[in-house]
Student: 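Let me give you the structure first, and then I'll get to my questions.
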Amino acid sequence: MPREKYLDRKFFTNEPELVAPKLLGATLVVESSPKLALELVEVEAYGGALDVASHAFRGMTKRNEVMFGPAGFLYVYFTYGMHWCANITCSKEGVPGAVLLRAGMPAEGISTMRRNRNRDDIKDQDIANGPAKLCQALKVDGSWNGLDIFGRTSNIKLVANESTDFEIGQSNRIGVREENPLPWRFFIKDNIFVSKYRG
DNA sequence: TTATTGATGGTCT
DNA sequence: GACCATCAATAAG
């Protein structure tokens, strides 16, 4: 068995649309008790000067300021009056960018994740097949916003993908209305843990 | 199976 | 006041 290889900040110090596909297959680990882990199977990139759909497009606000900071921080936002969604910031400091974590395959702590979702009868593939479901399964909320993933106090780790034995699909992003859509959604092809909803 | 809709509140104009 | 990087329940086919 190869030793676990962790991603570092350098991995995220790049354009979000370049980081996003490389995150597929990586494992997000939350060191709670019990430990929770899921393999990322769907992500979306946001940011840059041309991305009208990005929260950062109209400049810095209280909500989106983390996107303008350095790479490797959590950007967690509240939406639709009831849901949290989590991103990891990308790009160099001063340039807004983030990758939205849209879906994952539960790998460890599955029963806890199912309980966190307040549904004891759902299938494994429905535990984290959407950005808000993923947050609910991992108990991520607004208090996690701004967390430095690579800081001393972080309880989050990202394990690099051991295998790249999968095909990457690409599409427009879900739930956004834009005149000239950017194909910045990336997912593992034919993977049943990918979200089902469309815009 | 797909399509539609109500829930619910922060953020920004 | 309008819009939302969503979800689950319900209706329709």
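Chain letters run A, B, ... following the sequence lines, proteins first and then strands; every chain starts at 1.
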Student: Atom CZ of A:Phe57 and atom P of C:dC3: how far apart are they, to the nearest Å?
Tutor: 18 Å
Student: Do A:Arg173 and A:Glu178 meet the salt-bridge criterion of a basic N to acidic O distance under 4.0 Å?
Tutor: yes
Student: Check the distance between C:dC3's C1' and A:His83's NE2 and give it to me in whole angstrom.
Tutor: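 One finds 15 Å between C1' of C:dC3 and NE2 of A:His83, rounded.
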Student: Specify the separation, in whole Å, of atom CD1 of A:Ile122 and atom C1' of C:dA8.
Tutor: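 Atom-to-atom, A:Ile122 to C:dA8, this comes out as 11 Å.
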Student: Stacking here means centres under 5.5 Å and planes under 30°; does A:Tyr77 stack on C:dA5?
Tutor: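 It does not: the two rings, one from A:Tyr77 and one from C:dA5, miss the stacking criterion.
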Student: For DNA chain B, just give me the dot-bracket, please: Watson-Crick or G-U, both distances below 3.5 Å, ( ) intra-strand, [ ] crossing earlier pairs, | paired with another strand, . unpaired.
Tutor: |||||||.||||.
Student: Looking at A:Glu44 and A:Arg102, is any side-chain nitrogen of the basic one under 4.0 Å from a carboxylate oxygen of the acidic one?
Tutor: yes
Student: Roughly, in whole Å, what's the span from NZ in A:Lys133 to P in C:dA5?
Tutor: 18 Å
Student: Between A:Arg177 and A:Arg117, just flag the one whose closest nucleotide in DNA chain C comes earlier from the 5' side.
Tutor: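 That would be A:Arg177.
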Student: Can you measure A:Lys123 atom NZ to C:dC7 atom P for me and round it to whole angstrom units?
Tutor: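 Going from NZ in A:Lys123 over to P in C:dC7 covers 16 Å.
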Student: Check the phosphate of B:dT2 against A:Lys196, side-chain N and O only, distance under 4.0 Å to OP1 or OP2. Yes or no?
Tutor: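 No, because none of the side-chain N or O atoms of A:Lys196 sits under 4.0 Å from OP1 or OP2 of B:dT2.
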Student: Compute the ring centroids of A:Tyr77 and A:Tyr75, then answer whether they are less than 6.0 Å apart.
Tutor: yes
Student: Starting at CG of A:Asp121 and ending at C1' of C:dA8, how long is that distance when rounded to a whole Å?
Tutor: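 Result: 12 Å.
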Student: With rounding to the nearest 0.5 angstrom, report the CG to CD1 distance, A:Leu36 to A:Ile156.
Tutor: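 Answer for the CG-CD1 pair, A:Leu36 versus A:Ile156, is 10.5 Å.
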Student: Could you state the CG-P distance from A:Asp126 to C:dA8, rounded to the nearest angstrom?
Tutor: 8 Å
Student: Inspect the contact between A:Arg114 and A:Asp124 and indicate whether a charged nitrogen and a carboxylate oxygen are less than 4.0 angstrom apart.
Tutor: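 Salt bridge present between A:Asp124 and A:Arg114.
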Student: Considering every strand and a 4.0 Å limit on heavy-atom distances, what is the contact class for A:Arg119: base, sugar-phosphate, or nothing?
Tutor: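 The residue A:Arg119 makes sugar-phosphate contact but no base contact.
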Student: With sugar-phosphate meaning primed atoms plus P, OP1 and OP2, does A:Ala53 contact a base, only sugar-phosphate, or nothing at under 4.0 Å between heavy atoms?
Tutor: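 It contacts base atoms.
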Student: Check the distance between C:dA5's C1' and A:Arg185's CZ and give it to me in whole angstrom.
Tutor: 12 Å
Student: Just the table, please: protein N/O against nucleotides 9-13 of chain B N/O, every pair under 3.5 Å.
Tutor:
{"from": "B:dG9", "atom 1": "O4'", "to": "A:Gly81", "atom 2": "O", "distance (Å)": "3.4"}
{"from": "B:dG9", "atom 1": "N2", "to": "A:Tyr80", "atom 2": "N", "distance (Å)": "3.4"}
{"from": "B:dG9", "atom 1": "N2", "to": "A:Gly81", "atom 2": "N", "distance (Å)": "3.3"}
{"from": "B:dG9", "atom 1": "N3", "to": "A:Gly81", "atom 2": "N", "distance (Å)": "3.3"}
{"from": "B:dC12", "atom 1": "OP1", "to": "A:Thr61", "atom 2": "OG1", "distance (Å)": "2.4"}

Student: Should the pair A:Lys189 and A:Phe166 be classed as cation-pi, given the thresholds of under 6.0 Å to the six-membered ring centre and 45° from the axis?
Tutor: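 That pair does not qualify as a cation-pi contact.
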Student: Can you measure from CG (A:Leu28) to CD1 (A:Ile149) and round to the nearest 0.5 angstrom?
Tutor: 7.5 Å
Student: In terms of hydrophobic clustering (I, L, V, M, F, W, Y; side-chain heavy atoms under 4.5 Å; direct or indirect links), are A:Leu138 and A:Leu158 co-clustered?
Tutor: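 In one cluster with A:Leu138: A:Leu158, yes.
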Student: Side-chain contact test, heavy atoms from C-beta onward, threshold under 4.5 Å: evaluate it for A:Arg9 versus A:Asp148 and give yes or no.
Tutor: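 A:Arg9 reaches A:Asp148 side chain to side chain.
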